[in-house]
Novice: 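One structure, as C-alpha coordinates, below. Some questions next.
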Amino acid sequence: MTNEKRSSFTGKIGFVLAAAGSAVGLGNIWRFPYLAAKYGGGIFLLVYILLAVSFGFALMTAEIAIGRKTGLSAIGAFSALQKKYTFIGVLASVVPVIILPYYSVIGGWVTKYLYAFVTGGAVATAKDEYFDGFISQTTEPIIWFSVFIGITALIVLFGVEKGIEKVSKFMMPVLVALSFFIAIYSICMPGAWEGVKYYIMPDFSKFSATTVLAAMGQLFYSMSLAMGIMITYGSYMKKDVNLESSVTQIELFDTGIAFLAGMMIIPAVFVFSEGTPEALGKGPSLMFVTLPKVFETMAGGTYIGLIFFLLVLFAALTSSISLMETVVSIVCDKFKVNRKLACLLVFVFSVVLGLLSSLGYGVWSEVKIIGMQFLDFFDFISNSVLMPIVALLTCIFIGYVIKPKAVIEEVELNGKFKRKKLFEVVIKYIAPIFIVLILVSSVLDAFGKFSI
(Lines give C-alpha, C1' and ligand atoms only; values in the text may rest on other atoms or scores of the structure.)
Protein backbone atom coordinates (compact mmCIF):
# COMPACT_ATOMS: atom_id res chain seq x y z
CA MET A 1 0.00 0.00 0.00
CA THR A 2 1.55 3.28 -1.06
CA ASN A 3 0.85 6.70 0.36
CA GLU A 4 -0.44 7.87 -3.07
CA LYS A 5 -3.24 5.28 -3.01
CA ARG A 6 -4.13 5.95 0.61
CA SER A 7 -7.71 6.98 1.37
CA SER A 8 -8.42 10.37 2.88
CA PHE A 9 -11.23 12.36 4.48
CA THR A 10 -12.85 14.86 2.10
CA GLY A 11 -12.08 17.83 4.33
CA LYS A 12 -12.02 19.29 7.83
CA ILE A 13 -15.65 18.56 8.72
CA GLY A 14 -15.32 14.91 7.71
CA PHE A 15 -12.07 14.52 9.64
CA VAL A 16 -13.30 16.27 12.80
CA LEU A 17 -16.60 14.33 12.93
CA ALA A 18 -14.87 10.99 12.30
CA ALA A 19 -12.14 11.66 14.88
CA ALA A 20 -14.71 13.02 17.33
CA GLY A 21 -16.79 9.92 16.64
CA SER A 22 -13.80 7.83 17.60
CA ALA A 23 -13.34 9.83 20.81
CA VAL A 24 -17.06 10.01 21.56
CA GLY A 25 -18.14 6.49 22.34
CA LEU A 26 -18.96 4.23 25.24
CA GLY A 27 -16.03 5.86 27.05
CA ASN A 28 -18.11 9.03 27.30
CA ILE A 29 -21.66 7.74 27.65
CA TRP A 30 -21.01 4.53 29.59
CA ARG A 31 -17.67 4.96 31.39
CA PHE A 32 -17.41 8.69 32.20
CA PRO A 33 -20.66 8.96 34.26
CA TYR A 34 -19.87 6.01 36.53
CA LEU A 35 -16.33 7.27 37.17
CA ALA A 36 -17.63 10.80 37.87
CA ALA A 37 -20.25 9.36 40.22
CA LYS A 38 -17.67 7.27 42.04
CA TYR A 39 -14.88 9.87 42.33
CA GLY A 40 -16.60 12.93 43.72
CA GLY A 41 -18.78 14.33 40.92
CA GLY A 42 -17.85 17.98 40.40
CA ILE A 43 -14.23 17.63 41.45
CA PHE A 44 -13.73 14.75 39.01
CA LEU A 45 -15.36 16.82 36.25
CA LEU A 46 -13.09 19.81 36.95
CA VAL A 47 -9.92 17.69 37.00
CA TYR A 48 -10.93 15.94 33.78
CA ILE A 49 -11.53 19.23 31.93
CA LEU A 50 -8.16 20.65 33.07
CA LEU A 51 -6.38 17.49 31.92
CA ALA A 52 -8.26 17.45 28.60
CA VAL A 53 -7.19 20.97 27.59
CA SER A 54 -3.56 20.40 28.58
CA PHE A 55 -2.41 16.79 28.49
CA GLY A 56 -5.14 15.59 26.12
CA PHE A 57 -4.53 18.44 23.69
CA ALA A 58 -0.76 17.86 23.60
CA LEU A 59 -0.90 14.11 23.02
CA MET A 60 -3.73 14.24 20.48
CA THR A 61 -1.92 16.97 18.52
CA ALA A 62 1.26 14.89 18.53
CA GLU A 63 -0.46 11.71 17.33
CA ILE A 64 -2.45 13.37 14.53
CA ALA A 65 0.65 15.27 13.39
CA ILE A 66 2.72 12.06 13.30
CA GLY A 67 0.05 10.36 11.19
CA ARG A 68 -0.32 13.24 8.74
CA LYS A 69 3.43 13.81 8.49
CA THR A 70 4.14 10.20 7.52
CA GLY A 71 0.85 9.19 5.87
CA LEU A 72 1.08 5.85 7.70
CA SER A 73 -0.56 3.96 10.57
CA ALA A 74 1.22 3.56 13.92
CA ILE A 75 3.91 0.95 13.11
CA GLY A 76 4.89 2.53 9.81
CA ALA A 77 4.74 6.07 11.22
CA PHE A 78 7.21 5.48 14.05
CA SER A 79 9.44 3.47 11.72
CA ALA A 80 9.46 6.27 9.13
CA LEU A 81 10.42 8.87 11.73
CA GLN A 82 13.10 6.79 13.49
CA LYS A 83 13.46 3.11 12.57
CA LYS A 84 14.80 1.86 15.90
CA TYR A 85 11.68 3.22 17.64
CA THR A 86 9.29 1.09 15.55
CA PHE A 87 8.52 -0.89 18.72
CA ILE A 88 6.44 2.06 20.02
CA GLY A 89 4.17 1.69 17.00
CA VAL A 90 3.96 -2.05 17.60
CA LEU A 91 2.89 -1.51 21.23
CA ALA A 92 0.36 1.12 20.16
CA SER A 93 -1.06 -1.31 17.62
CA VAL A 94 -1.55 -4.02 20.23
CA VAL A 95 -3.94 -1.78 22.20
CA PRO A 96 -6.84 -1.66 19.68
CA VAL A 97 -6.32 -5.37 18.98
CA ILE A 98 -7.10 -6.03 22.66
CA ILE A 99 -9.82 -3.39 23.07
CA LEU A 100 -11.92 -4.08 19.95
CA PRO A 101 -13.19 -7.54 21.02
CA TYR A 102 -14.27 -6.64 24.57
CA TYR A 103 -15.57 -3.22 23.48
CA SER A 104 -17.75 -5.02 20.93
CA VAL A 105 -19.11 -7.26 23.69
CA ILE A 106 -20.32 -4.13 25.50
CA GLY A 107 -21.62 -2.84 22.16
CA GLY A 108 -23.62 -6.06 21.97
CA TRP A 109 -25.20 -5.24 25.33
CA VAL A 110 -26.29 -1.86 23.94
CA THR A 111 -27.71 -3.58 20.85
CA LYS A 112 -29.70 -5.95 23.07
CA TYR A 113 -31.21 -3.04 25.02
CA LEU A 114 -32.16 -1.32 21.78
CA TYR A 115 -33.86 -4.53 20.63
CA ALA A 116 -35.74 -4.75 23.94
CA PHE A 117 -37.14 -1.24 23.47
CA VAL A 118 -38.05 -1.95 19.84
CA THR A 119 -39.93 -5.14 20.70
CA GLY A 120 -41.85 -3.84 23.74
CA GLY A 121 -39.53 -5.06 26.49
CA ALA A 122 -38.80 -1.60 27.92
CA VAL A 123 -40.58 -2.27 31.23
CA ALA A 124 -38.46 -5.36 31.86
CA THR A 125 -35.21 -3.43 31.35
CA ALA A 126 -36.08 -1.12 34.28
CA LYS A 127 -35.90 -4.03 36.75
CA ASP A 128 -32.72 -4.22 38.82
CA GLU A 129 -32.00 -7.85 37.93
CA TYR A 130 -32.45 -7.49 34.15
CA PHE A 131 -28.89 -6.48 33.28
CA ASP A 132 -27.12 -9.13 35.36
CA GLY A 133 -29.57 -11.75 34.15
CA PHE A 134 -28.78 -10.95 30.53
CA ILE A 135 -24.97 -10.80 30.66
CA SER A 136 -24.77 -14.04 32.68
CA GLN A 137 -26.39 -16.01 29.83
CA THR A 138 -24.29 -17.95 27.33
CA THR A 139 -25.84 -17.75 23.89
CA GLU A 140 -27.73 -14.44 23.70
CA PRO A 141 -24.83 -12.08 24.61
CA ILE A 142 -22.67 -13.82 21.98
CA ILE A 143 -25.36 -13.31 19.33
CA TRP A 144 -25.63 -9.58 20.06
CA PHE A 145 -21.85 -9.22 20.24
CA SER A 146 -21.58 -10.86 16.80
CA VAL A 147 -24.25 -8.56 15.36
CA PHE A 148 -22.46 -5.47 16.67
CA ILE A 149 -19.01 -6.38 15.40
CA GLY A 150 -20.52 -7.51 12.09
CA ILE A 151 -22.03 -4.05 11.54
CA THR A 152 -18.67 -2.50 12.43
CA ALA A 153 -16.83 -4.66 9.91
CA LEU A 154 -19.34 -3.83 7.18
CA ILE A 155 -18.86 -0.07 7.62
CA VAL A 156 -15.04 -0.40 7.72
CA LEU A 157 -15.22 -2.49 4.56
CA PHE A 158 -16.63 0.50 2.67
CA GLY A 159 -13.51 2.50 3.49
CA VAL A 160 -12.72 5.97 4.84
CA GLU A 161 -14.84 8.33 2.74
CA LYS A 162 -17.84 6.15 1.80
CA GLY A 163 -17.99 4.27 5.11
CA ILE A 164 -16.46 5.99 8.15
CA GLU A 165 -16.90 9.64 7.13
CA LYS A 166 -20.44 9.26 5.80
CA VAL A 167 -21.64 7.41 8.91
CA SER A 168 -19.95 9.89 11.29
CA LYS A 169 -21.46 12.93 9.56
CA PHE A 170 -24.92 11.51 10.25
CA MET A 171 -24.43 9.99 13.69
CA MET A 172 -22.57 12.75 15.54
CA PRO A 173 -25.03 15.69 15.19
CA VAL A 174 -27.98 13.44 16.10
CA LEU A 175 -26.12 12.12 19.15
CA VAL A 176 -25.45 15.68 20.39
CA ALA A 177 -29.11 16.72 19.94
CA LEU A 178 -30.54 13.70 21.75
CA SER A 179 -27.99 13.98 24.59
CA PHE A 180 -29.17 17.56 25.21
CA PHE A 181 -32.81 16.48 25.28
CA ILE A 182 -32.39 13.59 27.73
CA ALA A 183 -30.04 15.60 29.98
CA ILE A 184 -32.63 18.39 30.25
CA TYR A 185 -35.38 15.88 31.08
CA SER A 186 -33.18 14.16 33.67
CA ILE A 187 -32.37 17.35 35.59
CA CYS A 188 -36.05 18.38 35.60
CA MET A 189 -37.16 15.26 37.51
CA PRO A 190 -38.18 15.78 41.17
CA GLY A 191 -35.14 15.29 43.40
CA ALA A 192 -32.64 15.60 40.55
CA TRP A 193 -31.20 18.94 41.65
CA GLU A 194 -29.12 17.34 44.40
CA GLY A 195 -27.51 15.21 41.70
CA VAL A 196 -26.88 18.26 39.53
CA LYS A 197 -25.11 20.00 42.43
CA TYR A 198 -23.06 16.88 43.17
CA TYR A 199 -22.04 16.70 39.52
CA ILE A 200 -21.21 20.31 38.65
CA MET A 201 -20.11 21.86 41.96
CA PRO A 202 -16.56 20.79 42.90
CA ASP A 203 -16.22 19.60 46.48
CA PHE A 204 -12.51 20.00 47.16
CA SER A 205 -12.77 17.81 50.25
CA LYS A 206 -13.29 14.91 47.84
CA PHE A 207 -10.10 15.71 45.92
CA SER A 208 -7.37 13.06 46.07
CA ALA A 209 -4.59 11.59 43.99
CA THR A 210 -7.02 8.82 43.08
CA THR A 211 -9.36 11.40 41.51
CA VAL A 212 -6.56 12.73 39.30
CA LEU A 213 -5.41 9.26 38.30
CA ALA A 214 -8.96 8.09 37.51
CA ALA A 215 -9.55 11.20 35.38
CA MET A 216 -6.26 10.72 33.55
CA GLY A 217 -7.04 7.07 32.88
CA GLN A 218 -10.46 8.07 31.52
CA LEU A 219 -8.78 10.62 29.26
CA PHE A 220 -6.86 7.88 27.41
CA TYR A 221 -9.99 5.79 26.94
CA SER A 222 -12.31 8.66 26.06
CA MET A 223 -10.07 10.58 23.64
CA SER A 224 -8.71 7.50 21.84
CA LEU A 225 -5.14 8.31 22.86
CA ALA A 226 -2.12 6.00 22.91
CA MET A 227 -3.76 3.29 20.80
CA GLY A 228 -2.74 4.27 17.28
CA ILE A 229 -6.20 5.55 16.31
CA MET A 230 -5.35 9.24 16.05
CA ILE A 231 -2.16 8.40 14.16
CA THR A 232 -4.21 6.37 11.66
CA TYR A 233 -6.86 9.09 11.30
CA GLY A 234 -4.13 11.70 11.00
CA SER A 235 -2.69 9.72 8.08
CA TYR A 236 -6.02 10.25 6.26
CA MET A 237 -6.01 14.01 6.99
CA LYS A 238 -5.34 16.38 4.12
CA LYS A 239 -2.43 18.82 4.41
CA ASP A 240 -4.63 21.89 3.94
CA VAL A 241 -6.76 21.15 7.04
CA ASN A 242 -5.88 23.22 10.14
CA LEU A 243 -4.59 20.68 12.62
CA GLU A 244 -4.69 22.74 15.83
CA SER A 245 -8.28 23.94 15.40
CA SER A 246 -9.33 20.39 14.44
CA VAL A 247 -7.92 19.04 17.72
CA THR A 248 -9.72 21.78 19.66
CA GLN A 249 -13.03 20.89 18.02
CA ILE A 250 -12.53 17.17 18.70
CA GLU A 251 -11.87 17.99 22.37
CA LEU A 252 -15.05 20.09 22.56
CA PHE A 253 -17.12 17.26 21.09
CA ASP A 254 -15.56 14.70 23.39
CA THR A 255 -15.79 16.67 26.63
CA GLY A 256 -19.23 18.05 25.79
CA ILE A 257 -20.77 14.61 25.22
CA ALA A 258 -19.09 13.25 28.37
CA PHE A 259 -20.53 16.17 30.36
CA LEU A 260 -24.02 15.61 28.96
CA ALA A 261 -23.80 11.86 29.66
CA GLY A 262 -23.05 12.62 33.30
CA MET A 263 -25.95 15.06 33.36
CA MET A 264 -28.24 12.35 32.00
CA ILE A 265 -27.23 9.69 34.50
CA ILE A 266 -25.97 11.18 37.80
CA PRO A 267 -29.08 13.29 38.64
CA ALA A 268 -31.15 10.18 37.88
CA VAL A 269 -29.14 8.22 40.44
CA PHE A 270 -30.20 10.76 43.07
CA VAL A 271 -33.84 10.56 41.93
CA PHE A 272 -34.06 6.77 42.16
CA SER A 273 -31.62 6.00 45.01
CA GLU A 274 -31.08 9.35 46.77
CA GLY A 275 -27.44 9.35 45.76
CA THR A 276 -26.32 6.70 48.23
CA PRO A 277 -22.63 5.70 48.11
CA GLU A 278 -23.71 2.21 47.04
CA ALA A 279 -25.64 3.61 44.06
CA LEU A 280 -22.93 6.11 43.07
CA GLY A 281 -20.32 3.35 43.21
CA LYS A 282 -22.36 0.94 41.10
CA GLY A 283 -19.74 1.09 38.34
CA PRO A 284 -20.01 -0.24 34.77
CA SER A 285 -23.69 -1.21 35.03
CA LEU A 286 -24.80 2.32 36.00
CA MET A 287 -26.08 3.31 32.53
CA PHE A 288 -27.84 0.00 31.92
CA VAL A 289 -29.54 -0.01 35.33
CA THR A 290 -30.39 3.69 35.85
CA LEU A 291 -31.52 5.08 32.49
CA PRO A 292 -34.26 2.49 31.83
CA LYS A 293 -35.80 3.68 35.12
CA VAL A 294 -35.71 7.26 33.79
CA PHE A 295 -37.44 6.24 30.57
CA GLU A 296 -40.09 4.34 32.52
CA THR A 297 -41.15 7.63 34.20
CA MET A 298 -41.40 9.58 30.92
CA ALA A 299 -44.49 10.10 28.83
CA GLY A 300 -43.53 8.23 25.69
CA GLY A 301 -40.49 6.89 27.53
CA THR A 302 -40.42 3.70 25.48
CA TYR A 303 -39.88 5.70 22.30
CA ILE A 304 -37.35 8.03 23.90
CA GLY A 305 -35.49 5.04 25.35
CA LEU A 306 -35.51 3.41 21.93
CA ILE A 307 -33.99 6.53 20.37
CA PHE A 308 -31.49 6.85 23.21
CA PHE A 309 -30.14 3.32 22.88
CA LEU A 310 -30.08 3.74 19.11
CA LEU A 311 -27.85 6.78 19.64
CA VAL A 312 -25.70 4.97 22.22
CA LEU A 313 -25.33 2.28 19.58
CA PHE A 314 -24.23 4.99 17.12
CA ALA A 315 -21.66 6.28 19.64
CA ALA A 316 -20.41 2.76 20.30
CA LEU A 317 -20.15 2.10 16.57
CA THR A 318 -18.16 5.26 15.80
CA SER A 319 -15.54 4.11 18.30
CA SER A 320 -15.55 0.45 17.30
CA ILE A 321 -15.18 1.58 13.69
CA SER A 322 -12.08 3.58 14.58
CA LEU A 323 -10.65 0.65 16.55
CA MET A 324 -11.22 -1.79 13.69
CA GLU A 325 -10.07 0.71 11.05
CA THR A 326 -6.80 1.16 12.97
CA VAL A 327 -6.16 -2.59 13.06
CA VAL A 328 -7.22 -3.02 9.42
CA SER A 329 -4.96 -0.14 8.36
CA ILE A 330 -2.03 -1.74 10.18
CA VAL A 331 -2.69 -5.12 8.54
CA CYS A 332 -2.92 -3.45 5.11
CA ASP A 333 0.25 -1.39 5.63
CA LYS A 334 2.29 -4.18 7.19
CA PHE A 335 1.26 -7.19 5.10
CA LYS A 336 0.30 -5.42 1.85
CA VAL A 337 -3.12 -7.13 1.69
CA ASN A 338 -6.32 -5.55 0.37
CA ARG A 339 -8.97 -4.04 2.64
CA LYS A 340 -11.46 -6.90 2.19
CA LEU A 341 -9.04 -9.59 3.36
CA ALA A 342 -7.78 -7.40 6.21
CA CYS A 343 -11.36 -6.79 7.40
CA LEU A 344 -12.13 -10.51 7.32
CA LEU A 345 -8.99 -11.42 9.29
CA VAL A 346 -9.60 -8.75 11.93
CA PHE A 347 -13.27 -9.71 12.21
CA VAL A 348 -12.54 -13.42 12.78
CA PHE A 349 -9.78 -12.75 15.31
CA SER A 350 -11.96 -10.26 17.24
CA VAL A 351 -14.90 -12.67 17.42
CA VAL A 352 -12.69 -15.45 18.81
CA LEU A 353 -11.05 -13.21 21.43
CA GLY A 354 -14.36 -11.53 22.29
CA LEU A 355 -15.89 -14.87 23.27
CA LEU A 356 -13.71 -14.84 26.39
CA SER A 357 -15.12 -11.50 27.55
CA SER A 358 -18.70 -12.53 26.77
CA LEU A 359 -18.52 -15.90 28.51
CA GLY A 360 -16.58 -14.38 31.41
CA TYR A 361 -19.88 -13.20 32.91
CA GLY A 362 -21.60 -16.53 32.24
CA VAL A 363 -20.27 -20.09 32.17
CA TRP A 364 -16.67 -18.94 32.74
CA SER A 365 -17.49 -16.46 35.51
CA GLU A 366 -15.43 -18.49 37.98
CA VAL A 367 -12.32 -18.22 35.79
CA LYS A 368 -10.30 -15.16 36.78
CA ILE A 369 -6.92 -13.66 35.91
CA ILE A 370 -5.27 -11.82 38.83
CA GLY A 371 -8.72 -11.74 40.41
CA MET A 372 -10.44 -10.23 37.36
CA GLN A 373 -13.01 -11.52 34.90
CA PHE A 374 -11.82 -11.64 31.28
CA LEU A 375 -13.39 -8.34 30.19
CA ASP A 376 -12.04 -6.51 33.26
CA PHE A 377 -8.60 -8.02 32.69
CA PHE A 378 -8.48 -6.96 29.03
CA ASP A 379 -9.62 -3.47 30.07
CA PHE A 380 -6.90 -3.36 32.75
CA ILE A 381 -4.11 -4.52 30.42
CA SER A 382 -5.07 -2.13 27.63
CA ASN A 383 -6.28 0.93 29.50
CA SER A 384 -4.20 0.85 32.69
CA VAL A 385 -0.95 -0.71 31.49
CA LEU A 386 -0.33 -0.56 27.72
CA MET A 387 -1.88 2.85 27.04
CA PRO A 388 0.17 4.68 29.72
CA ILE A 389 3.32 2.90 28.48
CA VAL A 390 2.63 3.91 24.87
CA ALA A 391 1.81 7.49 25.92
CA LEU A 392 5.01 7.74 27.98
CA LEU A 393 7.15 6.38 25.14
CA THR A 394 5.43 8.75 22.69
CA CYS A 395 6.18 11.74 24.91
CA ILE A 396 9.84 10.70 25.24
CA PHE A 397 10.07 10.06 21.50
CA ILE A 398 8.66 13.47 20.57
CA GLY A 399 10.22 15.41 23.42
CA TYR A 400 13.76 14.04 23.24
CA VAL A 401 14.29 12.01 20.04
CA ILE A 402 12.69 13.76 17.07
CA LYS A 403 12.10 16.91 19.22
CA PRO A 404 8.83 18.90 19.47
CA LYS A 405 9.90 20.92 16.42
CA ALA A 406 8.99 17.99 14.14
CA VAL A 407 5.36 18.15 15.31
CA ILE A 408 5.27 21.95 15.44
CA GLU A 409 6.37 22.18 11.79
CA GLU A 410 3.52 19.89 10.76
CA VAL A 411 0.96 21.90 12.75
CA GLU A 412 2.25 25.20 11.32
CA LEU A 413 1.62 24.11 7.73
CA ASN A 414 -1.74 25.82 8.24
CA GLY A 415 -0.78 28.91 10.24
CA LYS A 416 0.51 29.83 13.67
CA PHE A 417 0.52 27.18 16.40
CA LYS A 418 -1.21 29.20 19.13
CA ARG A 419 -0.62 26.74 21.98
CA LYS A 420 2.93 25.85 20.97
CA LYS A 421 4.49 26.63 24.38
CA LEU A 422 1.83 24.62 26.21
CA PHE A 423 2.45 21.72 23.85
CA GLU A 424 6.22 21.74 24.42
CA VAL A 425 6.01 21.97 28.23
CA VAL A 426 3.32 19.29 28.56
CA ILE A 427 4.88 16.80 26.14
CA LYS A 428 8.41 17.09 27.60
CA TYR A 429 7.84 17.54 31.32
CA ILE A 430 4.29 17.40 32.70
CA ALA A 431 2.75 14.46 30.81
CA PRO A 432 5.59 11.96 31.49
CA ILE A 433 5.32 12.54 35.26
CA PHE A 434 1.55 12.05 35.31
CA ILE A 435 1.77 8.99 33.09
CA VAL A 436 4.32 7.27 35.32
CA LEU A 437 2.09 7.93 38.34
CA ILE A 438 -0.91 6.44 36.53
CA LEU A 439 1.00 3.35 35.48
CA VAL A 440 2.47 2.66 38.92
CA SER A 441 -0.78 3.30 40.81
CA SER A 442 -2.86 1.22 38.38
CA VAL A 443 -0.58 -1.80 38.69
CA LEU A 444 -0.39 -1.52 42.49
CA ASP A 445 -4.15 -1.05 42.71
CA ALA A 446 -4.74 -4.19 40.64
CA PHE A 447 -2.77 -6.19 43.17
CA GLY A 448 -4.43 -4.54 46.16
CA LYS A 449 -1.37 -2.60 47.27
CA PHE A 450 -2.51 0.93 46.54
CA SER A 451 -5.03 3.06 48.33
CA ILE A 452 -5.35 6.78 49.05
Side-chain angles (χ1 to χ4, degrees), residues 23 27-28 31-32 35-36 38-66 74 85 88 91-92 95 99 202 204 206-231 247-248 250-251 254-255 258-259 379-404 407-408 419-447 449-452:
N28 302 70
R31 203 172 191 269
F32 184 91
L35 288 176
K38 183 177 180 181
Y39 292 107
I43 192 64
F44 178 89
L45 179 64
L46 176 63
V47 170
Y48 181 85
I49 291 171
L50 292 174
L51 290 173
V53 299
S54 54
F55 173 83
F57 169 79
L59 199 56
M60 183 177 286
T61 299
E63 292 193 3
I64 292 173
I66 286 173
Y85 289 89
I88 303 176
L91 285 175
V95 177
I99 293 179
F204 288 91
K206 290 183 168 66
F207 178 83
S208 68
T210 309
T211 306
V212 178
L213 297 173
M216 182 67 92
Q218 170 62 15
L219 196 68
F220 286 117
Y221 196 98
S222 179
M223 295 180 72
S224 298
L225 300 174
M227 55 178 89
I229 288 175
M230 289 302 164
I231 296 176
V247 171
T248 301
I250 295 165
E251 283 186 303
D254 175 76
T255 307
F259 173 78
D379 182 58
F380 166 71
I381 287 295
S382 57
N383 194 56
S384 300
V385 179
L386 282 175
M387 286 160 73
I389 289 173
V390 171
L392 177 61
L393 291 172
T394 301
C395 289
I396 293 169
F397 179 72
I398 293 167
Y400 302 98
V401 180
I402 64 171
K403 310 295 185 185
V407 169
I408 292 167
R419 289 190 270 178
K420 178 167 66 175
K421 285 294 181 187
L422 173 67
F423 170 78
E424 288 181 295
V425 171
V426 170
I427 213 79
K428 289 183 73 173
Y429 307 112
I430 299 175
I433 294 170
F434 272 99
I435 294 166
V436 169
L437 289 173
I438 289 173
L439 182 59
V440 172
S441 66
S442 296
V443 173
L444 291 177
D445 188 44
F447 291 97
K449 297 177 180 178
F450 176 76
S451 62
I452 294 177

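Any value given below was found using the heavy atoms of this structure, including those in side chains, with hydrogens, waters and symmetry copies removed.
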Novice: Between atom CD1 of Ile398 and atom CD1 of Ile427, what is the distance when rounded to the nearest 0.5 Å?
Specialist: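 Spacing of CD1 (Ile398) from CD1 (Ile427) equals 5.0 Å.
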Novice: With sequence neighbours excluded, tell me which residues meet side-chain contact (heavy atoms from CB on, under 4.5 Å) with Ala431.
Specialist: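 Counting only residues at least two positions away or on another chain, Ala431 forms a side-chain contact (heavy atoms from CB on, under 4.5 Å) with Phe55, Cys395, Val426, Ile435.
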Novice: Any chance you could measure Met227, atom CE, to Asn383, atom CG, to the nearest 0.5 Å?
Specialist: 7.0 Å
Novice: Look only at the side chain of Ser384 and the backbone of Ile381, and say whether a donor-acceptor pair between them is shorter than 3.5 Å.
Specialist: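 The answer is no, because no donor-acceptor pair under 3.5 Å joins these two groups.
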Novice: Starting at CD1 of Ile389, measure out to CG of Leu393 and round the result to the nearest 0.5 Å.
Specialist: 7.5 Å
Novice: Ile433: which residues meet the side-chain contact (heavy atoms from CB on, under 4.5 Å) condition with it, sequence neighbours left out?
Specialist: Leu437
Novice: Quick check: does any side chain N or O of Glu63 sit under 3.5 Å from a backbone N or O of Ile229, one acting as donor and the other as acceptor?
Specialist: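 No, Glu63 side chain to Ile229 backbone: no donor-acceptor pair under 3.5 Å.
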Novice: Rounded to the nearest 0.5 Å, what separation is found between the CG atom of Leu59 and the CD1 atom of Ile64?
Specialist: 10.0 Å
Novice: Measuring only between side-chain heavy atoms, which start at C-beta, is Leu225 closer than 4.5 Å to Met60?
Specialist: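 Yes. Closest side-chain heavy atoms under 4.5 Å.
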Novice: Which residue pairs satisfy the side chain to side chain donor-acceptor pair (under 3.5 Å) criterion with at least one member in residues 45-59, sequence neighbours excluded?
Specialist: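 Every pair satisfying side chain to side chain donor-acceptor pair (under 3.5 Å) with a residue in residues 45-59: Tyr48-Ser222, Tyr48-Asp254.
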Novice: Could you work out, with side-chain contact (heavy atoms from CB on, under 4.5 Å) as the rule, every residue matching Lys420, not counting sequence neighbours?
Specialist: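 Partners of Lys420 by the side-chain contact (heavy atoms from CB on, under 4.5 Å) criterion, ordered by chain and then number, come out as Ile408, Glu412, Phe417, Glu424.
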Novice: Is there a side chain to side chain contact (heavy atoms under 4.5 Å, CB included) between Phe259 and Asn28? Walk through the geometry before answering.
Specialist: CA-CA 8 Å; Phe259 173 78; Asn28 302 70; over 6 Å; no
Novice: Among residues at least two apart in sequence or on other chains, which ones pass salt bridge (Lys or Arg N to Asp or Glu O under 4.0 Å) with Lys403?
Specialist: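 Testing Lys403 for salt bridge (Lys or Arg N to Asp or Glu O under 4.0 Å), a comparison that skips the adjacent residues, returns none.
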Novice: Would you say the side chain of Phe32 lies within less than 4.5 Å of the side chain of Thr255, judging by non-hydrogen atoms?
Specialist: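 Of all side-chain heavy-atom pairs linking Phe32 with Thr255, none is under 4.5 Å.
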Novice: Set out, in order, the CA-CA distance, both residues' side-chain angles and the distance that settles side-chain hydrogen bond (donor to acceptor under 3.5 Å, both in side chains) for Arg419 and Thr61, then state yes or no.
Specialist: CA-CA 10 Å; Arg419 289 190 270 178; Thr61 299; over 6 Å; no
Novice: With rounding to the nearest 0.5 angstrom, report the CG to CZ distance, Leu439 to Phe434.
Specialist: 15.0 Å
Novice: With sequence neighbours excluded, tell me which residues meet side-chain contact (heavy atoms from CB on, under 4.5 Å) with Tyr85.
Specialist: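 Testing Tyr85 for side-chain contact (heavy atoms from CB on, under 4.5 Å), a comparison that skips the adjacent residues, returns Gln82, Phe87, Ile88, Phe397, Val401.
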